[in-house]
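Atoms within each ligand, like the ligands themselves, are counted from 1 in listed order.
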Amino acid sequence: MKTVLLLLSALSFSSRSGSCAPSSCRLPPSQWCSSLDSAVQCGVLKECLQSNFTRSHQTADPVLVELYYESLCPGCRLFLTEMLFPTWLLLNEIMNVNLVPYGNAVEKPDGQKYIYECQHGKEECLGNMIETCLLNMTKAAFPIIFCMESSQDVIKSAKSCVELYSPQLSWDKVMSCVNGDLGNQLMHQNAMKTNALKPPHNYVPWVTINGEHTDDLQDKAQVSLFTLVCNMYKVQLIMVISYIYIYIYIYIYIYIYIYIYIYIYIYIYIYIYIYIYIYIIFFFFFFFFFFFWGFLDLNQQLLFMK
Ligand SMILES: *[C@@H]1O[C@H](CO)[C@@H](O)[C@H](O)[C@H]1NC(C)=O
Ligand SMILES: *[C@@H]1O[C@H](CO)[C@@H](O)[C@H](O)[C@H]1NC(C)=O
C-alpha cells in the first residue's frame, strides 16, 4: 500500500515538474523520496518533505475491509470488481484490503496435507489457490486478482494478468506454490480464518469492516463501500482528534500546575532570603549602634570623671 502511495505521489511530482529531472538523478520516480540525498539529487526535496509530513500526520488508522469469497462465485466477482477494487483505488490511503479466497470450501486432512472441495468444483479450488499464492508472493496481488476476476475466464487469464501487473514474478514460481506445500499450508490458513468468523459466514461474498460483520455493514458495503469507508474513517479521525485534544488539555494543566508550584517555591525562597537579610542587617546595625554608642558613652563618662 505504501509503495503504491509513494508511486502515486512520485508520479504526481514527476508530472508537475515535467519529465526533466536534473541529470544527476538516475533513480526511477518511485524512489525519488527514498532518501534525503536522492530527493536533493532529483530536485524534489520540498515535495518529498511535504508528502512525508502529510503522511506522518495521517493520524487515524486505515479502515480494514476484509473480503471472504471464492474465485468463481458470480456475486463475489461482481463485488470485487465493481465495488471493492474501484473503492480501493480511490481510498487506498485510508483503507486496507485483506482478501481471503476460500468461502464455502471444505477441507479434509490427508496425512500432513489437506484436501479441498469447492462449491464450484475443481476449477474454483485452482482459482482460490492461485489467488492465495499471489497474495503471499507479490504486492501487486490485488490488481492481478482484479484482472483475473474481471476476465471472461478467471483461470486462463491468470498467467497474462501476472505478466501484466508483476512482470518480475515468474509464472512457474506461482504454479510451484499452487501445487506444493506452501499453497496447501496457505489455504489451510484461509480455512482457519474463515471458520473462525464470528458470526460464522452463511453466504459469500462476506464482508467484515475492522473485523466486524453485521447485516447493516454488509448492506452498506454492497450499496456504497466508498461512503461506508469514508464515514468509518471520519468517526475514527474524530476519536483520534478528541484524544489528541484531551492529551493537550492534560499537558497544559500539568504544566500550569508545575509552573504555579515553581513560582510559589521561588517566591517563598525569595521572601525567606529577604527576611533573613533584613534580620542580619538590622542585627548588625543595632549591634554596632549599641556597641559604639556604649563606647562613646563610656568615653564621655571617663572624660567627665577626669
Ligand atoms: C521520507 O520518509 C521515508 C520513510 O518514512 C524516509 O526513508 C525518507 O528519507 C524520507 N524522505 C525525505 C526526503 O525526508
Ligand atoms: C507467505 O507465507 C509464509 C508461510 O506461511 C509466511 O511465513 C510469509 O510471511 C508469507 N509472506 C507474506 C508476504 O505474506
Worksheet item: Can the ring centroids of Tyr68 and His201 be said to lie less than 6.0 angstrom from one another?
Response: no
Item to complete: State yes or no: do Met137 and Tyr165 share one hydrophobic cluster built from I, L, V, M, F, W and Y residues joined by side-chain heavy-atom distances below 4.5 Å, directly or via other members?
Response: yes
Worksheet item: Would Trp88 and Leu64 show up in the same hydrophobic cluster when neighbours are defined by side-chain heavy atoms closer than 4.5 Å?
Response: no
Worksheet entry | Where ligand 2 meets Leu186 - atom numbers and elements under 4.0 angstrom, heavy-atom basis | 2 (O), 5 (O)
Discussion item. Protein non-hydrogen atoms only, distance under 4.0 Å: does atom 14 (O) of ligand 2 have such a neighbour?
Written reply: yes
Worksheet item: If you count the atoms of ligand 2 from 1 in the order shown, which ones are under 4.0 Å from a heavy atom of Gln185?
Response: 4 (C), 5 (O)
Item to complete: State plainly whether the residues Lys108 and Glu117 are in salt-bridge range, i.e. N to O under 4.0 Å.
Response: yes
Discussion item. Heavy atoms only, cut-off 4.0 Å: how does Met137 contact ligand 2, side chain, backbone, both, or neither?
Written reply: neither
Worksheet item: Nearest protein heavy atom to atom 11 (N) of ligand 2, by residue and atom, and its distance?
Response: Asn136 ND2, 2.9 Å
Item to complete: Check whether the ring centres of Tyr69 and Phe79 lie less than 6.0 Å apart, and answer yes or no.
Response: no
Worksheet item: Would you say atom 2 (O) of ligand 2 has a protein heavy atom nearer than 4.0 Å?
Response: yes
Discussion item. If the cut-off is 4.0 Å to any non-hydrogen atom of Gln189, which atoms of ligand 2 fall inside it?
Written reply: 5 (O)
Worksheet item: Parallel, tilted or perpendicular: which describes the rings of Tyr102 and Tyr116, with under 30° parallel and over 60° perpendicular?
Response: perpendicular
